[in-house]
Peer 1: 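Provided herewith is a single structure, encoded as structure tokens, for subsequent inquiry.
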Amino acid sequence: MTRFPRFIPSIVALALGACAVGPNFRPPATPAASAGKYGAADSIAVSSEPLPEKWWQLYDDPALDALVTEALTANTDIRVATASLRRARAILSETRGQLLPSTNISGGAAYVRSNGTSGGGSGGTSSIGTGTGGAGTGTGTGAGGTGIGTGTGTGTGGTGAGTGGTGTGNGTTGTTGATVTSSSYQGQFYQAGLDVSYELDLYGRVRRDIEASRADLAAQEAQRDTVRTSVAAETARAYADACSAALQIGVARQSLSLQLETYDLTERLAQAGRGTPLDTSRARAQYEQVRATLPSFVASRRDALYRLSVLTGHPPEETPSAAAACTTPPVLKRPIPVGDGTALIKRRPDIRQADRNLAAATARIGVATAALYPKISLGGSIGTSGISLSQLGGKEGLTFNVGPLLSWTFPNITVARARIRQAEASSEAALASFDGTVLTALQETETAMTDLAGELDRQAALTAARDYSAEAARIVGLRYGAGAENFLAVLDAQRTLATAEANLAASRAQLTTDQVAVFKALGGGWENAPETNTSLKVTYP
């Protein structure tokens with residue numbers, strides 16, 4: 001029966017009672033002001049209701065819903081973030097593997113050649129090696145190595161016999177040995193072995209390393225959610241920009257049509273002697289000014305469609321048909337539900353990422369601190385050898401050992417302490433980054449809501465200005481037809497109306513952009529996102 005080494009229970013008990021060195025992670029505090037409602041939440045543009053997960057559905061636009069869903073599935077940035085997340089999972093799996101024993105299996109075969117050797121034996125000595133048989137005398141019995149050849153021997157009190165030649169094996173000599181000599185031998189030699197070692201995580205180095213890798217994985221998952229939030233917002237913005245540009249093109253063409261009618265009228269009046277060439281030139285100049293705004297709107301629309309194509313994982317020329325057919329930007333029919341600051345901090349993935357980065361940095365202080373202490377490992381090995389494959393595994397060629405291995409990198413103590421200071425500095429930087437991320441999130445949200453409220457007030461004023469300009473243009477036209485106003489007043493009224501229409505269209509575009517900015521600042525859209533399609537969509541020759 002094999003006896004269990006006495007030191008192993010003590011080492012196991014020590015390992016079970018071990019503790020992890022280094023500081024434990026504590027969630028950082030957030031500003032007290034973030035617990036209440038936003039400062040800009042008194043606007044009629046927002047409400048205190050919680051933000052829905054799929055906020056783009058508030059626009060009630062099926063085309064927008066389909067585009068955002070496709071972007072969350074096929075966007076290349078999300079694919080990159082998803083691949084990085086898989087890599088973080090693999091790193092965590094590798095780190096956890098440190099808790100398992102490490103093994104090393106070896107084996108080999110060699111062709112050996114040995115000359116004759118001589119030597120005396122001592123009682124009770126066991127050895128594995130190459131020896132030569134021959135004639136010898138001695139008290140007791142002795143077994144020589146196995147080889148090729150013949151030999152005989154006689155002695156008092158016992159008989160020694162051996163085969164001539166070179167051989168490998170186990171032998172036990174008698175109380176007194178005789179010198180043995182033989183001729184040389186050449187042949188095959190086989191050996192195999194298994195080494196097993198297990199590090200006892202007495203000071204928590206492996207546990208802290210796993211803790212850091214787990215935090216890194218959570219941070220990478222939050223990074224993917226941040227990308228999802230950005231992609232959803234940018235897709236909605238690109239769609240709104242394309243629709244807004246189409247609206248501005250329509251307004252410009254209406255103004256252009258009105259200016260063309262005015263120009264034709266001035267030409268007819270000049271031919272009839274009721275107008276002057278100056279009136280005709282002024283009408284033509286105003287027509288060209290309005291026409292000059294069209295190319296920029298057309299280019300803006302094409303740019304938005306190109307962005308939308310790439311966001312949804314397609315080449316730029318593959319324009320989404322639904323976006324190409326859109327002529328007015330999506331409109332919200334209710335105030336934006338923004339919740340409060342507490343929900344914002346829980347929802348925004350960049351804050352969660354900063355928190356997990358801090359947790360990882362804190363855990364790595366423990367990893368660095370563990371280098372100050374010795375490493376204790378349990379190790380064992382078993383091996384076998386023989387001059388033929390059939391001898392492998394036999395009792396004569398079997399060896400084994402087991403025992404603790406103690407290592408302490410004492411000469412690098414200065415380096416270890418320097419690495420602890422590096423880890424502590426990294427933790428301080430991660431804490432500052434967390435604080436900055438929280439403050440930036442609050443600032444972005446407050447700014448976005450303030451801009452939205454301001455644009456709503458501006459749009460209300462522009463709407464009134466457009467209405468009054470339209471009424472003024474109608475009255476001036478009637479007065480001009482009655483001969484009570486000159487043509488310059490007509491041109492001025494029409495120019496004012498055209499400007500008011502263009503400003504109102506631009507405000508409607510800006511309003512949608514500001515709404516999307518609020519949604520993006522709130523950090524929603526990543527929850528329950530569809531699985532990303534990791535297959536390539538663009539092939540290259």
Peer 1: Taking all atoms of both residues into account, what is the closest heavy-atom pair of L217 and A88, and its distance?
Peer 2: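 Nearest heavy atoms, L217 then A88: CD1-CB, 3.8 Å.
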
Peer 1: Please check if the number of heavy atoms outside R334 that lie under 6.0 Å from its CZ is greater than 12.
Peer 2: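 Yes, CZ of R334 has more than 12 neighbouring heavy atoms, counting only those of other groups under 6.0 Å.
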
Peer 1: Do T319 and S309 have side-chain N/O donor and acceptor atoms under 3.5 Å apart?
Peer 2: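 Short answer, no.
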
Peer 1: Any heavy-atom pair between the side chains of S47 and I336 that's under 4.5 Å?
Peer 2: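 In short, these two side chains do not touch, never coming nearer than 4.5 Å.
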
Peer 1: Quick check: does any side chain N or O of S427 sit under 3.5 Å from a backbone N or O of A423, one acting as donor and the other as acceptor?
Peer 2: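 No, S427 side chain to A423 backbone: no donor-acceptor pair under 3.5 Å.
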
Peer 1: Between W526 (side chain) and R347 (backbone), is there a donor-acceptor pair under 3.5 Å?
Peer 2: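 Present.
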
Peer 1: Tell me if a side-chain donor or acceptor on N503 pairs with a main-chain N or O of T499 at a distance below 3.5 Å.
Peer 2: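 Present.
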
Peer 1: Determine whether T328 and C243 make a side-chain contact, defined as any pair of heavy atoms from C-beta on separated by less than 4.5 Å.
Peer 2: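 They are not in side-chain contact.
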
Peer 1: Which pair of heavy atoms, one from F189 and one from S385, lies closest together, and at what distance?
Peer 2: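 Closest heavy-atom pair between F189 and S385: CZ-CB, 3.9 Å.
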
Peer 1: For E444, does its backbone N or O pair with a side-chain atom of T447 as donor and acceptor, under 3.5 Å?
Peer 2: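 Such a contact is absent between T447 side chain and E444 backbone.
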
Peer 1: Less than 4.5 Å apart, any side-chain heavy atom of S102 and any of V196?
Peer 2: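 Heavy-atom side-chain distance check fails, nothing below 4.5 Å.
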
Peer 1: Between CZ of R417 and CD of Q422, what distance do you get to the nearest 0.5 Å?
Peer 2: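 These two atoms lie 14.0 Å from each other.
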
Peer 1: Begin with the C-alpha distance, continue with both residues' side-chain angles, and end with the deciding distance and a verdict on side-chain hydrogen bond (donor to acceptor under 3.5 Å, both in side chains) for Y306 and E317.
Peer 2: CA-CA 7 Å; Y306 290 152; E317 62 272 11; over 6 Å; no

Peer 1: Between R237 and E234, does any side-chain N to carboxylate O distance fall below 4.0 Å?
Peer 2: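 Yes.
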
Peer 1: Could you tell me whether the side chain of S93 and the main chain of R89 form a donor-acceptor pair under 3.5 Å?
Peer 2: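 Not a single qualifying donor-acceptor pair exists.
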
Peer 1: How far apart are the C-alpha atoms of N104 and L194, what are their side-chain angles, what is the distance that settles it, and do they pass the side-chain contact (heavy atoms from CB on, under 4.5 Å) test?
Peer 2: CA-CA 6 Å; N104 180 39; L194 171 65; over 6 Å; no

Peer 1: Taking all non-hydrogen atoms of both residues into account, name the closest pair between A441 and I351 and its distance.
Peer 2: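 That closest heavy-atom pairing would be CB-CD1, 3.9 Å.
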
Peer 1: Check whether N75 reaches the backbone of L311 with its side chain - one donor and one acceptor, N or O, closer than 3.5 Å.
Peer 2: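 Looks like yes, one N/O pair under 3.5 Å.
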
Peer 1: If you compare all heavy atoms of A233 against all heavy atoms of K520, which two are closest, and at what distance to 0.1 Å?
Peer 2: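 Closest heavy-atom pair between A233 and K520: CB-CB, 3.7 Å.
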
Peer 1: Any donor and acceptor pair, going by atom type alone, linking the side chain of S433 with main-chain N or O of A429 inside 3.5 Å?
Peer 2: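 Side chain of S433 to backbone of A429: no pair is present.
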
Peer 1: With side chains defined as the heavy atoms from C-beta onward, is the minimum distance between D451 and V518 less than 4.5 Å?
Peer 2: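 Answer no - side chains too far apart.
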
Peer 1: Tell me, do D195 and T103 make a side-chain contact under 4.5 Å, heavy atoms counted?
Peer 2: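 No; the side chains remain at least 4.5 Å from each other.
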
Peer 1: What is the distance from atom CG of L247 to atom CD of E501, rounded to the nearest 0.5 Å?
Peer 2: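 These two atoms lie 9.5 Å from each other.
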
Peer 1: Might you work through the salt bridge (Lys or Arg N to Asp or Glu O under 4.0 Å) test for R214 and E211, ending with a clear yes or no?
Peer 2: CA-CA 5 Å; R214 188 178 292 114; E211 182 182 339; over 6 Å; no

Peer 1: Please assess T399 against T384 for the test side-chain contact (heavy atoms from CB on, under 4.5 Å), listing each intermediate value before the final yes or no.
Peer 2: CA-CA 6 Å; T399 61; T384 181; over 6 Å; no

Peer 1: To the closest 0.5 Å, what do you measure between CG (L344) and CD (E446)?
Peer 2: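 Spacing of CG (L344) from CD (E446) equals 9.5 Å.
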
Peer 1: Taking only Lys NZ, Arg NE, NH1 and NH2, and the carboxylate oxygens of Asp or Glu, determine whether D340 and K37 approach each other closer than 4.0 Å.
Peer 2: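 No, D340 and K37 are not salt-bridged.
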
Peer 1: In sequence, state the C-alpha distance, the side-chain angles, and the governing distance for Q57 and D65, and then conclude on side-chain hydrogen bond (donor to acceptor under 3.5 Å, both in side chains).
Peer 2: CA-CA 6 Å; Q57 293 182 348; D65 294 347; 4.8 Å; no

Peer 1: Yes or no on side-chain contact (heavy atoms from CB on, under 4.5 Å) for T235 and Y239, after CA distance, side-chain angles and deciding distance?
Peer 2: CA-CA 6 Å; T235 301; Y239 175 75; 5.6 Å; no

Peer 1: Under a 4.5 Å cut-off applied to non-hydrogen side-chain atoms, are Y38 and V338 in contact?
Peer 2: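 A side-chain contact under 4.5 Å exists here.
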
Peer 1: What verdict does the side-chain contact (heavy atoms from CB on, under 4.5 Å) test give for D216 and L92, after you've listed the backbone C-alpha separation in whole Å, the side-chain angles of each residue and the deciding distance to 0.1 Å?
Peer 2: CA-CA 8 Å; D216 286 338; L92 176 59; over 6 Å; no

Peer 1: Quick check: does any side chain N or O of R207 sit under 3.5 Å from a backbone N or O of D201, one acting as donor and the other as acceptor?
Peer 2: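 Side chain of R207 to backbone of D201, a donor-acceptor pair under 3.5 Å: yes, one is there.
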
Peer 1: Identify whether the distance between the nearest side-chain nitrogen and carboxylate oxygen of R205 and E199 falls below 4.0 Å.
Peer 2: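 Result for this pair is yes, salt bridge flagged.
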
Peer 1: Using atom types as modelled and distance alone, determine if a side-chain donor or acceptor of T226 lies under 3.5 Å from a backbone N or O of A222.
Peer 2: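 Present.
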
Peer 1: Would you indicate whether L100, at its atom CG, is surrounded by more than 12 heavy atoms from other residues, nucleotides or ligands within a distance under 6.0 Å?
Peer 2: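 Result for CG/L100: enclosed.
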
Peer 1: Are any of the side-chain heavy atoms of I249 and L294 separated by less than 4.5 Å?
Peer 2: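 Counting from C-beta outward, I249 and L294 do come under 4.5 Å.
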
Peer 1: Salt bridge or not between R87 and E94? Use side-chain N to carboxylate O under 4.0 Å.
Peer 2: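 So R87 does not pair with E94 through a salt bridge.
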
Peer 1: Indicate yes or no: at least one non-hydrogen side-chain atom of L67 is less than 4.5 angstrom from one of L308.
Peer 2: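 Yes; the side chains approach each other to less than 4.5 Å.
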
Peer 1: Taking the inter-plane angle between the rings of W55 and F519 on a 0 to 90° scale, is it parallel (under 30°), tilted (30 to 60°) or perpendicular (over 60°)?
Peer 2: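 Rings of W55 and F519: parallel, under 30°.
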
Peer 1: Sub-3.5 Å donor-acceptor pair from the side chain of R301 to the main-chain atoms of A324, do we have one?
Peer 2: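 Looks like yes, one N/O pair under 3.5 Å.
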
Peer 1: Other residues, nucleotides and ligands only: do more than 12 of their heavy atoms fall within 6.0 Å of CD on E531?
Peer 2: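 12 or below, so no.
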
Peer 1: Any chance CZ of R307 has more than 12 other-residue heavy atoms, nucleotides or ligands included, within less than 6.0 Å?
Peer 2: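 Yes, because the 6.0 Å sphere around CZ of R307 holds more than 12 heavy atoms from other groups.
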
Peer 1: Determine whether S377 and S197 satisfy the following criterion, side-chain hydrogen bond (donor to acceptor under 3.5 Å, both in side chains), listing intermediate values before the conclusion.
Peer 2: CA-CA 6 Å; S377 300; S197 64; over 6 Å; no

Peer 1: Show the nearest heavy-atom pair for residues D355 and F25, with the distance to one decimal.
Peer 2: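 Scanning both residues, the minimum pair turns out to be OD1-CZ, 3.6 Å.
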
Peer 1: Can you name the closest pair of heavy atoms from T512 and A240 and give their distance?
Peer 2: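 Closest approach of T512 to A240: CG2-CB, 3.2 Å.
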
Peer 1: Hey, which of E527, Q220, R352 is the one that makes side-chain contact (heavy atoms from CB on, under 4.5 Å) with D225?
Peer 2: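 By the side-chain contact (heavy atoms from CB on, under 4.5 Å) criterion, D225 pairs with just one of E527, Q220, R352: R352.
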
Peer 1: State whether E455 and R458 are salt-bridged, where the test is any N-O pair (Lys NZ or Arg NE/NH1/NH2 against Asp/Glu carboxylate O) under 4.0 Å.
Peer 2: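 Yes.
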
